[in-house]
Amino acid sequence: MKTFDEIVKSYRKRQRDTVVDALATGLTYVDEICVESGLLEETGLMTELTGTICGALPFVIIAATEGTKVILGRKPTKTGVQDGAYRMVKSGAALGVGAAVMGAAGFWAAIPATMGVRALFDRYKSRLMINSRIRSRTSRLRELNASLRPAEAPEPLPPALTDYVE
């Protein structure tokens, strides 16, 4: 079983991934910010490139970080793929909601909406994990309780049918 310090270290590492993903997702709106501030024109090659690059940035960062963890041996391959897929789905959903909000209210409202969707995903997964842990620990406690109680005498079996034949 992990010590308290090991659990805290792993939790901090998880939080770092969340911050990196949130920043990368926020950076997808860089092209809109550049156009609004006048740094880029609404048409042109640079605008198209920044739109494409910024849209793919969160997914590239997620693939790179999870791949690095697998290569360095910090995670098994299966776990790395699952974590990467979850992070990509979370980022995709957040970007979808952000795009809808941006169309309705502008990019300044899209950034908090995007971050909020990511936070909701994290909260939902955290609650699922807590429920799973509670179920497994309750199950272990029941098994332990059953093993510690003295075994009750089994009920006597009914006499066989042949005992009644004379």
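Heavy atoms only, all atoms of each residue included: Ala109 and Pro112 are closest at O-CD, 3.3 Å. Val101 and Ala113 make their closest contact through CG2-CB, 3.8 Å (heavy atoms, listed as atom of the first residue, atom of the second, distance). The two residues Ser91 and Ile62 come nearest to each other via the heavy atoms OG-CD1, 3.5 Å. In terms of heavy atoms, Arg118 sits closest to Ala94 at CG-CB, 3.5 Å.
A 4.5 Å side-chain heavy-atom check between Asp122 and Lys125 finds every atom pair outside the cut-off. Looking at Leu95 and Phe59, their side chains come closer than 4.5 Å, going by heavy atoms from C-beta outward. Counting only heavy atoms from C-beta outward, the side chains of Glu143 and Ser139 approach each other to under 4.5 Å. Between Arg87 and Thr65 the shortest side-chain heavy-atom distance falls below 4.5 Å. Looking at heavy atoms from C-beta onward, Arg135 lies in side-chain contact with Asn131 at the 4.5 angstrom threshold.
If you take CZ on Phe121 and OG on Ser126, they are separated by 14.5 Å, rounding to the nearest 0.5 Å. Considering OG1 of Thr77 and CD1 of Ile71, their distance stands at 9.5 Å, rounded to 0.5 Å. A distance of 9.5 Å separates OG1 of Thr79 from CD of Glu66, quoted to the nearest 0.5 Å.
Defined by atom type and a distance below 3.5 Å, a donor-acceptor pair is missing between the side-chain atoms of Arg74 and Thr68.
Within the hydrophobic cluster formed by Ile, Leu, Val, Met, Phe, Trp and Tyr side chains joined at under 4.5 Å, directly or through other members, Leu72 stands alone, with no partner residue. Counting side-chain heavy-atom gaps under 4.5 Å among Ile, Leu, Val, Met, Phe, Trp and Tyr, Val70 is found in no cluster with other residues. Using a 4.5 Å cut-off between side-chain heavy atoms of Ile, Leu, Val, Met, Phe, Trp and Tyr, Leu120 forms no hydrophobic cluster with any other residue.
No continuous path of hydrophobic side-chain contacts links Tyr124 to Val97 [ILVMFWY only; heavy atoms under 4.5 Å].
Looking at Ser132, its side chain never comes within 3.5 Å of a backbone N or O of Leu128 through a donor-acceptor pair.
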